[in-house]
Amino acid sequence: MPASRHPALSATDPELASFVAAEEELQARTLRLIPSENYVSAAVLEASGTVLQNKYSEGYPGRRYYEGQQNIDRVEALAVERAKGLFGVDHANVQPYSGSPANLAVYLAFAQPGDTVMGMALPMGGHLTHGWGVSATGSWFRGVQYGVRQDTGLIDYDAVRDQALAERPKIIFCGGTALPRTIDFAAFASIAREAGSVLVADVAHIAGLIAGGAHPSPAGHADVVSTTTHKTLRGPRGAMLMCREEHAKAIDKAVFPGLQGGPHNQTTAGIAVALHEAAQPSFTAYAHAVVANAKALAAALLERGFDLVSGGTDNHLILIDLTGKDVPGKVAAKALDRAGIVVNYNTVPFDPRKPFDPSGIRIGTPSLTSRGLSTAHMPAVAEWISRAVDAAATSDEPALAAVRAEVTDLMAAFPAPGLPLS
Ligand SMILES: Cc1ncc(COP(=O)(O)O)c(C=O)c1O
């Protein structure tokens, strides 16, 4: 990959430019299976790198604390309108810097320090910001956690209801970071109504699937929808909070001036472009292809003797429990990396091992689908994973190198969006 893709950067700071070029090479040559990652389009990349970067814009369109907002207001208003249209919501705030601050803004809007909040436990697939102990949300609030059933790997909605009625949390979070199954937003809404709680659907992982009609929508069920914009939605690193009109003021006030200062306007522009792309028929096809690929990959892994949490997947994500393979998740992830396959090690529900050395790996299909891989390729992907995990057990470096060569060959035939191979 020539560094001249960024001529000004290469001239000014060749050292930094070389790091970027190396990352471009890495992203182009490897099979990226981290389910929270993707490839943004060239248009999103361009929008995210514009002179909108140069503007301070505290406030909201038409209500700024700075002058010179003629164009910024139009950018943000466009992003907001596109978010509302795509997700079918009354109100959207596109300013949160990322998913964690977006969730923190929700606490600020609806709870006081010390209040009880409820979310899925981190080791069960929830996110840190859903009240988990090591997060500010778990130390400033009283976090109570639900999980999945040990026998099925699925959420037990009756148990969640019992817990919610006993705890009466101010906020209930549904959604998570390692959930391979469809979330029943209607069931969570009914539980939250009974418990008198604000329901927040954190759809960070599945926002693109929802936009493309490949996962049910939380609109009309959740009081607030929180999402990052950079996972299946295929936008820049950022976040959005969406809600019914009745909560609009509270959400906006919590984001600014409650938690943040000036919005990152270049990111807002990238989000607007991503939302436009996600409204196209081709994105609907993409979202369905992500799920079809994940299901095909899960089936091919099951055929090769892998143990999948919940037995498979309904979405973009697969959680593999490697206990039966006698290879810890971290060892497998590092071996896969050497084989050109990028995954993350992850706890599995009821994991006897520690989070930094867990039993599982987490994989997903958003990135490979963005490159055009189809269900026909999934048996080969599963076979590579299988060979690499076997090689990890015996530290068979030549076997990993052989997988890497095959991976590199296939990836060369499927250029990444926004990142054409030289
Ligand atoms: C469900 C969920 N919520 C929130 C976040 C936090 O997003 P960020 O990393 O942008 O702060 C993540 C990130 O992985 C997530 O998976």
Side-chain angles (χ1 to χ4, degrees), residues 32-38 40 44 48 87 93-108 117-132 134-138 141 143 145-148 155 171-183 185 188 199-211 215 218 222 224-242 251 254-255 259-260 263-264 267-268 270-271 274 290 313-319 342-347 355 360-367:
R32 300 169 63 230
L33 293 182
I34 293 179
S36 49
E37 292 186 355
N38 214 327
V40 297
V44 168
S48 309
F87 289 97
N93 186 311
V94 297
Q95 293 194 4
Y97 298 144
S98 215
S100 303
N103 285 346
L104 208 50
V106 172
Y107 288 84
L108 196 56
V117 297
M118 191 167 151
M120 179 173 255
L122 181 70
M124 295 282 178
H127 191 257
L128 280 167
T129 54
H130 298 180
W132 190 246
V134 297
S135 148
T137 63
F141 300 89
Q145 250 78 46
Y146 59 89
V148 293
I155 294 172
I171 302 173
I172 297 177
F173 279 90
C174 62
T177 168
L179 302 181
R181 294 296 179 177
T182 300
I183 300 164
F185 296 118
F188 269 110
L199 178 65
V200 181
D202 183 345
V203 300
H205 261 262
I206 53 174
L209 305 185
I210 292 166
H215 187 290
V224 178
V225 177
S226 173
T227 187
T228 56
T229 47
H230 46 266
K231 300 187 175 84
T232 49
L233 193 55
R234 226 162 53 178
R237 307 198 75 79
M240 306 192 295
L241 287 170
M242 298 175 279
I251 287 292
V255 173
L259 197 65
Q260 298 188 170
H264 294 178
T267 298
T268 307
I271 291 173
V290 167
T313 183
D314 298 326
N315 54 31
H316 64 301
L317 183 149
I318 298 165
L319 195 53
V342 188
V343 309
N344 69 278
Y345 53 88
N346 216 94
T347 51
I361 54 172
R362 190 185 67 149
I363 63 174
T365 51
S367 296

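These numbers come from the heavy atoms of this one structure, side chains and all, not from hydrogens, waters or symmetry mates. Counting convention: from 1, in listed order, for ligands and their atoms alike.
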Exercise. What's the shortest distance from atom 16 (O) of ligand 1 to any protein heavy atom, and which residue and atom give it?
Worked result: His205 CD2, 3.2 Å
For this session: Report the distance from atom CG of Leu179 to atom CE of Met120, rounding to the nearest 0.5 Å.
Result: 5.0 Å
Problem set entry | Protein heavy atom at shortest distance from atom 15 (C) of ligand 1 | His127 CD2, 3.4 Å
Problem set entry | Contact (N/O only, under 3.5 Å) between Gly99 and ligand 1 | yes
For this session: Provide, to 0.1 Å, the distance between atom 1 (C) of ligand 1 and the closest protein heavy atom, together with that atom's residue and name.
Result: Gly176 O, 3.3 Å
For this session: Enumerate the atoms of ligand 1 whose separation from the nearest heavy atom of Thr177 is less than 4.0 angstrom.
Result: 16 (O)
Exercise. Looking at Leu33, Ile34, Ile318, which one forms a side-chain contact (heavy atoms from CB on, under 4.5 Å) with Arg362?
Worked result: Ile34
For this session: For Ala204, counting its heavy atoms only, list the atoms of ligand 1 lying under 4.0 Å from any of them.
Result: 1 (C), 2 (C), 3 (N), 15 (C)
Exercise. What protein heavy atom is closest to atom 3 (N) of ligand 1, reported as residue, atom name and distance in Å?
Worked result: Asp202 OD2, 2.6 Å
For this session: Please tell me if the side chains of Ser36 and Thr177 come closer than 4.5 Å, counting only heavy atoms from C-beta onward.
Result: no
For this session: Could you verify whether a donor N or O on one side chain and an acceptor N or O on the other, from Ser135 and Thr137, lie under 3.5 Å apart?
Result: yes
For this session: Could you check atom 11 (O) of ligand 1 against the protein and tell me its nearest heavy-atom contact, residue, atom and distance included?
Result: Ser100 OG, 2.7 Å
Seminar exercise, completed: Within 4.0 Å of some non-hydrogen atom of His230, the atoms of ligand 1 are 10 (O)
Exercise. Heavy-atom distance under 4.5 Å between the side chains of Lys231 and Pro35, does that happen here?
Worked result: no
Problem set entry | Nearest protein heavy atom with distance in Å, relative to atom 10 (O) of ligand 1 | Ser98 OG, 2.4 Å
Exercise. Atom 13 (C) of ligand 1: which protein heavy atom is closest, and how many Å away?
Worked result: Lys231 NZ, 3.1 Å
For this session: Would you kindly say whether Ser48 and Arg237 are connected by a side-chain donor-acceptor distance under 3.5 Å?
Result: no
Exercise. Knowing that exactly one of Phe173, Tyr107, Trp132 qualifies, which makes a ring pair (Phe, Tyr, Trp, His ring centres under 6.0 Å) with Phe141?
Worked result: Tyr107
Exercise. Asp202 and His130: side-chain donor and acceptor closer than 3.5 Å?
Worked result: yes
For this session: Give the numbers and elements of all ligand 1 atoms closer than 4.0 Å to a heavy atom of Thr228.
Result: 7 (O), 10 (O)
